[in-house]
A.B. asks: 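Dropping the structure in here first, questions after.
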Amino acid sequence: MPLLLKIEGREVESDLTFSLVSVNRLVAGTSHLKSIPGSFLVIINTNGRRLLRLKKLDEPQDVNGPPVTQDIIDLIKRHKQGNFERVSALDGVRSIFGYSVSDTLPFQVAIGVPVSLLQERWTTQSLAPLIVLLVSISLIAWLGSRLKEAFRQLQATTTEQAYAARHDKLTGLLSREAFIHDVSQQMAAATSQDERATEPATVMLLNLNRFKDINDTLGHEAGDSLLVEVGRRLTDSLAGSTALVARLGGDEFAVYMAESTAIEWLSQAPHSGYARVSRRLQVHRSELEFSASIGYANWPQDAASTDELLRCADVAMNFAKQNLKPMSAYLAAFDSFSPDMLDLRVDFIKALRSNGLSLEYQAKVRLSDGALIGVEALSRWVHPSKGNIPPLTFIPLAENSELIHDFTHFVLEAALLQAKAWAQERHPLPVAVNLSVNNLLDHRFVERLDALLRRIDLAPHLLEIEVTESAVMRHPELTLKTLHAIRDMGLRLAIDDFGTGYASLAYLKQLPVHCLKIDRAFIDNLEGDDANRRIVKSSIQLAHEFNLDVVAEGVEDAAAAALLLDYGCEYAQGYFFARPVSAAALAERWWPTKE
Ligand code: C2E
Ligand code: MG
Ligand code: MG
C-alpha cells in the first residue's frame, strides 16, 4: 500500500510500494494468466505505476518503473481483464500485454509478450498445420477435380447412353421405344385431367414409297441421306409445336401431335407440313422424286392405347399405300382387325361357304356406237342383317389371308360359268374379273385358273383379267411372271385404275397387257378440270403408242363420253351407259327376247 514518508520534516505520500510478500503470492490470484517463454510479467499499482517487471518469476529485473499511460489506466479500470498492445517503455519492444486485476490486492498483473515472439511462435506452430492444411486443400482440390472429371465423364456416358437408348442413331429422332413411352405418358397425363379439357391427339405414320428401289439403285448412303433429310423436314415442319417425332425403323416415321396441329399439317395447302415434307429431294447429286404414304389415327376417337393407336395409323398407312394415295385417315371399315371387322369377317366366311355372294355385271361399250363389247364382273354381298356391303369393305377382309384364294376362285368360277352360258346362248361376251395382288403372288394361281378354264371349257379370249396398277407395282418382278403366264394361256389382260399408280413408262412397256382402264378419278369432272383432261389425253396417246386398247371408267354423262371420243378413246364403262346389274338384267337389256 502507498506509504507516508517524512522527508526533511515534511510528510510526503510515496509512490513506492514495499512488498513483504513474495512475487509468487502477488501473482497467485492471477494464475489464469499464462506466460510463455520469452514473455515478461509486470505488476502495476492502482495509479498505473509499474512496480515490478520480471522475466522469470525468481529473478527481479526492474522495480518501480515509470507509470503506464492514462488510456491503459482507464482500460484497466473499465475491464478487470483484457489486453492491449504497446511499445514497452523499458526496452522499446512492441509487445502485447494481457492483464488481470487482482481480487485481493491493489495490483494489476500483466504479462507482456513481444509481438515478434508471437509471430515466430505463430509461424512455427501454425505454419506446419497450415502447410499440412494447404497441402490437404490442394490434394482435395486435385482429387476433387479428378473426381469431378470422373463424375462428369460418368454423367456424360450415362447421358450418352440414355440419349442413345432414346434416339435413333441415324436421324437423331426418338426411337420406337421412346416414342411409345412418351406417347403413353402424354396420354396418361391427359386422361387423368378433366375429360372435357382433353385435347384430342393424332398419331401419324409416314412410310416412304419405293425406298427399297432408292437403296438398291443409288446405294445405302443415298438411302441414309434420304432418311436423314426426311427426318429433318418432318422436324422442321413441326417446329414450334409440342409434337413428338420418331423414326420407328427402316423407312417409317411417326409423329404424335395435337389433333389441331395434325389437321393443319395434313392439309394440302402449299405451306402445310405435308407439302413441306414431300418436296423433291437432292440426294447425292440426284434429284429424287420423293413420295410417302401417310396414315393417321386419332386419340381417343379411334383408339385408347398407344399400341392400338399405332396399329390404327398403320392400317390407315397401308390403305394409303395400297390405294396409292398420299394419305389416309383410319377408318374402322378398312381395318380388318377392328372388332367390328373381325365379326364381319366371320360373316363373310359364312357367305363365301354358303353361296351368300353373287356377281353383277357392268357393260363396257364402244364409244362410237354404244355397242356392248364386254362386261366386268363385280362381287356383291348382301349381309343378312346389315344389307349391302360394298366390295371395298369386304375384299380387304379376305386379302392378306388364304381366304382371298377361295374368294377369287368363287368369282372366277361364277364368271366363267356365266360367260360359258352366254356363249352357249350365242352371245359370246368377254367377261372381266378383278384380281387381288395376293392372287398375283400365289404360285398356284395360274395352275388353278388353267384347271378351271379346262373344266368349264371356255374359250380363253372370253376371259379378261384386270389387275390394278398399284397391285402390279407392289412386286413388279413377281407380278410380271404371273402376267406372262396368264397371257400365254390366251387370256386378255387389262391394267385397272390406270393413272393412280406410279408405273414408269419403261415398266409399262414390258407389261404383256391388252388394255388400259383409265381410273374414274380422272374422268370425273373431265370438262371442268384441265389437269384431268391432259392426263386422260396423254394416257390415251400412250396406250395407243403401245398398241393397247383404252377403256375410260366411270363415265357418268354425255359430255364426258363426247370428250373421250374426241380424244380417241374407243371404249367406256360407267353409269351413263349401264350400272352393274345381275346377269339376267344384263341379258334382258342387251339381248331382249322377242315376245
Ligand atoms: P373397279 O374394278 O375399278 O370397278 C369399277 C367400280 O366402279 C365398281 O365399283 C363400279 O360399280 C364402279 N363404277 C362403274 N361405273 C361408275 C360410274 O359411272 N360412277 C361411279 N361413281 N362408279 C362407277 P364396285 O362394284 O363398288 O367395286 C369397287 C372395286 O372393288 C372395284 O373397282 C374392284 O377394284 C373391286 N372389286 C369388285 N369386285 C371385285 C372382285 O370380284 N374381286 C376383286 N379382287 N376386286 C373386286
Ligand atoms: Mg376392275
Ligand atoms: Mg377400276
Side-chain angles (χ1 to χ4, degrees), residues 319 322-324 333-334 348 351-352 356-365 367 374-382 388-401 403-416 418 430-442 445 449 463-472 474 479 482 492-501 513-526 536 539 550-561 564 571-583 585-586:
F319 183 84
Q322 277 168 26
N323 293 281
L324 296 157
F334 51 67
F348 176 72
L352 181 61
L357 304 178
S358 61
L359 295 183
E360 281 190 341
Y361 299 89
Q362 187 178 27
K364 291 186 203 173
V365 301
L367 273 169
V375 286
E376 176 174 6
L378 295 161
S379 303
R380 296 294 177 252
W381 177 26
V382 183
N388 192 32
I389 313 276
L392 287 180
T393 301
F394 67 79
I395 289 167
L397 297 177
E399 260 163 354
N400 303 322
S401 78
L403 259 188
I404 192 68
H405 306 306
D406 288 351
F407 168 69
T408 303
H409 187 77
F410 153 79
V411 178
L412 277 167
E413 188 175 37
L416 286 178
Q418 188 58 62
V431 177
V433 170
N434 295 284
L435 292 194
S436 282
V437 62
N438 287 339
N439 298 133
L440 292 173
L441 300 176
D442 175 21
F445 174 75
L449 177 63
L463 179 63
E464 184 167 67
I465 296 291
E466 291 189 13
V467 282
T468 60
E469 186 184 3
S470 56
V472 168
R474 200 94 65 80
T479 310
T482 312
R492 280 177 57 88
L493 273 171
I495 295 292
D496 204 357
D497 303 349
F498 180 75
T500 55
V513 297
H514 304 86
C515 175
L516 283 191
K517 294 184 78 177
I518 301 176
D519 192 73
R520 71 167 189 266
F522 302 105
I523 311 296
D524 199 33
N525 189 24
L526 198 57
V536 169
S539 299
V550 185
V551 176
E553 293 187 280
V555 179
E556 292 186 351
D557 51 50
L564 286 162
Y571 309 107
Q573 186 178 338
Y575 295 169
F576 177 63
F577 302 104
R579 289 194 174 246
V581 288
S582 66
L586 185 113

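Read the numbers this way: they start at 1 and go in the same order the structure lists the ligands and their atoms.
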A.B. asks: Salt-bridged, K517 to E464, with N to O below 4.0 Å?
C.D. replies: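 Here K517 does not pair with E464 in a salt bridge, since their nearest N and O are not under 4.0 Å apart.
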A.B. asks: Which ligand 1 atoms are under 4.0 Å away from a heavy-atom of S436?
C.D. replies: 44 (N)
A.B. asks: Please tell me if the side chains of F348 and L357 come closer than 4.5 Å, counting only heavy atoms from C-beta onward.
C.D. replies: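 In contact.
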A.B. asks: Please give me the minimum heavy-atom distance between A377 and V433, naming the atom from each residue.
C.D. replies: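 Minimum heavy-atom contact is CB-CG2, 4.4 Å.
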A.B. asks: Pick whichever of R380, E376, E360 has a heavy atom sitting closest to atom 25 (O) of ligand 1.
C.D. replies: R380
A.B. asks: Is the contact between R579 and ligand 1 made by the side chain, the backbone, both, or neither, using heavy atoms and a 4.0 Å cut-off?
C.D. replies: neither
A.B. asks: If you apply the rule side chain to side chain contact (heavy atoms under 4.5 Å, CB included), what do you find for Q362 with Y575, and how did you get there?
C.D. replies: CA-CA 9 Å; Q362 187 178 27; Y575 295 169; 3.9 Å; yes
A.B. asks: Side chain or backbone of S379 under 4.0 Å from ligand 1, or both, or neither, by non-hydrogen atoms?
C.D. replies: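 Both parts.
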A.B. asks: Is R520 paired with E553 through a side-chain N to carboxylate O contact shorter than 4.0 Å?
C.D. replies: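 Salt bridge flag = no for R520 with E553.
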A.B. asks: Heavy atom under 4.0 Å from ligand 1: found in Q573's side chain, backbone, both, or neither?
C.D. replies: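 Neither part.
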A.B. asks: Would you mind running through ligand 1 and noting each atom that sits below 4.0 Å from a heavy atom of V555?
C.D. replies: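 Those of ligand 1 that fall under 4.0 Å from V555 are 18 (O).
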A.B. asks: Can you tell me the protein heavy atom closest to atom 6 (C) of ligand 1 and the distance?
C.D. replies: R520 NH1, 3.5 Å
A.B. asks: Does T479 reach the side chain of V467, with side-chain heavy atoms less than 4.5 Å apart?
C.D. replies: no
A.B. asks: Find, among atoms of E466 that are N, O or S, the one nearest to the Mg ion (ligand 2), and state its name.
C.D. replies: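 The E466 atom nearest to the Mg ion (ligand 2), restricting to N, O or S, is OE1.
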A.B. asks: What atom name does the N, O or S atom of E376 nearest to the Mg ion (ligand 2) carry?
C.D. replies: OE2
A.B. asks: Are N439 and H405 side-chain neighbours, meaning at least one heavy-atom pair lies under 4.5 Å?
C.D. replies: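 Heavy-atom side-chain distance check passes, below 4.5 Å.
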A.B. asks: Pick one of side chain, backbone, both or neither for how D496 approaches ligand 1, counting any non-hydrogen atom pair under 4.0 Å.
C.D. replies: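 Only the side chain of D496 comes within reach of ligand 1.
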A.B. asks: Within a strict 4.5 Å, meaning less than it, do heavy atoms of the I395 and S436 side chains meet?
C.D. replies: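 In short, these two side chains touch, coming nearer than 4.5 Å.
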A.B. asks: The Mg ion (ligand 3) is nearest to which N, O or S atom of E553?
C.D. replies: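 Looking at E553, the N, O or S atom with the least distance to the Mg ion (ligand 3) is OE2.
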A.B. asks: To the nearest 0.5 Å, how far apart are CZ in R492 and CG in L463?
C.D. replies: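 R492 atom CZ to L463 atom CG measures 11.0 Å (nearest 0.5 Å).
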A.B. asks: Which residue supplies the protein heavy atom nearest to atom 36 (N) of ligand 1, what is that atom called, and how far is it?
C.D. replies: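 For this ligand atom, the closest protein heavy atom is I395 CD1, 3.5 Å.
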A.B. asks: Just going by heavy-atom distances, which of F394, F577, Y575 is nearest to atom 18 (O) of ligand 1?
C.D. replies: Y575
A.B. asks: Distance under 4.0 Å to a non-hydrogen atom of L435: what atoms of ligand 1 satisfy this?
C.D. replies: 44 (N)
A.B. asks: Applying a 4.0 Å heavy-atom criterion (strictly less than), which segment of L359 is in contact with ligand 1: side chain, backbone, both, or neither?
C.D. replies: neither
A.B. asks: At a 4.0 Å threshold, what atoms of ligand 1 neighbour a non-hydrogen atom of F407?
C.D. replies: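 Listed by number with element: 41 (O), 42 (N).
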A.B. asks: Can you list the atoms of ligand 1 that are under 4.0 Å from a heavy atom of Q362?
C.D. replies: 10 (C), 14 (C), 15 (N)
A.B. asks: The Mg ion (ligand 3) is nearest to which N, O or S atom of D497?
C.D. replies: OD1
A.B. asks: So do the side chains of F407 and S379 get within less than 4.5 Å of each other, counting heavy atoms only?
C.D. replies: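 In short, these two side chains touch, coming nearer than 4.5 Å.
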A.B. asks: Please list, in number order, the atoms of ligand 1 under 4.0 Å from a heavy atom of E556.
C.D. replies: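 Near E556, meaning under 4.0 Å from one of its heavy atoms, ligand 1 has 17 (C), 18 (O), 19 (N), 20 (C), 21 (N).
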A.B. asks: Do me a favour and list the nearest non-hydrogen protein atom to atom 29 (C) of ligand 1 with residue, atom name and distance?
C.D. replies: L392 CD2, 3.9 Å
A.B. asks: When you measure from the Mg ion (ligand 3) to the N, O or S atoms of D519, does any of those distances fall below 2.8 Å?
C.D. replies: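 Checking the Mg ion (ligand 3) against D519, no N, O or S atom falls under 2.8 Å.
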A.B. asks: Which heavy-atom pair separates L564 from A552 by the least distance, and what is that distance?
C.D. replies: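 Shortest heavy-atom separation between L564 and A552 comes out as CD1-CB, 3.5 Å.
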A.B. asks: Select one of side chain, backbone, both or neither to describe which atoms of E553 lie under 4.0 Å from any atom of ligand 1, heavy atoms only.
C.D. replies: side chain
A.B. asks: Tell me the contacting part of K517 for ligand 1: side chain, backbone, both, or neither, using a 4.0 Å heavy-atom threshold, strictly below.
C.D. replies: neither
A.B. asks: Is a donor on one side and an acceptor on the other found under 3.5 Å between the side chain of T468 and the backbone of D497?
C.D. replies: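 Absent.
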A.B. asks: If you round to the nearest 0.5 Å, how far is CD of E360 from CZ of R380?
C.D. replies: 4.5 Å
A.B. asks: Is it true that a side-chain atom of E399 and a backbone atom of N438 form a donor plus acceptor pair closer than 3.5 Å?
C.D. replies: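 Between the backbone of N438 and the side chain of E399 there is no qualifying donor-acceptor contact (under 3.5 Å).
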A.B. asks: Would you call F445 and L412 a side-chain contact if the rule is heavy atoms closer than 4.5 Å?
C.D. replies: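 Side-chain contact under 4.5 Å: yes.
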A.B. asks: Do the non-hydrogen side-chain atoms of V551 and E376 ever get within less than 4.5 Å of each other?
C.D. replies: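 A side-chain contact is absent here, since even the closest heavy-atom pair is not under 4.5 Å.
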A.B. asks: For atom 11 (O) of ligand 1, what is the nearest protein heavy atom, given as residue, atom name and distance?
C.D. replies: P580 CG, 3.4 Å
A.B. asks: Nearest 0.5 angstrom please: N525 CG to D557 CG, how far?
C.D. replies: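 Rounded to the nearest 0.5 Å, the CG-CG separation comes to 9.0 Å.
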A.B. asks: Could you check whether any side-chain heavy atom of E556 comes within less than 4.5 Å of a side-chain heavy atom of I523, counting everything from C-beta outward?
C.D. replies: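 Of all side-chain heavy-atom pairs linking I523 with E556, none is under 4.5 Å.
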A.B. asks: Taking heavy atoms and a distance under 4.0 Å, where does V433 meet ligand 1: side chain, backbone, both or neither?
C.D. replies: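 It is neither; nothing of V433 touches ligand 1.
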A.B. asks: Which ligand 1 atoms are under 4.0 Å away from a heavy-atom of V411?
C.D. replies: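 Heavy-atom distances to V411 below 4.0 Å select 41 (O).
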A.B. asks: Can you pull out the closest protein heavy atom to atom 31 (C) of ligand 1? Residue, atom name and distance to 0.1 Å, please.
C.D. replies: L378 CD2, 4.3 Å
A.B. asks: May I ask you to identify the nearest protein heavy atom to atom 27 (O) of ligand 1, giving residue, atom name and distance to one decimal place in Å?
C.D. replies: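 Of the protein heavy atoms, P391 CG, 3.5 Å lies nearest.
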A.B. asks: Side chain or backbone of F576 under 4.0 Å from ligand 1, or both, or neither, by non-hydrogen atoms?
C.D. replies: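 Neither; nothing of F576 gets under 4.0 Å from ligand 1.
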A.B. asks: Which angle, to the nearest 10 degrees, do you find at the Mg ion (ligand 2) between OD2 in D496 and OD1 in N434?
C.D. replies: 90°
A.B. asks: Nearest heavy atom to atom 43 (C) of ligand 1 wins, so pick from L357, L412, N434.
C.D. replies: N434
A.B. asks: What atoms of ligand 1 come within less than 4.0 Å of a heavy atom belonging to D497?
C.D. replies: 3 (O)
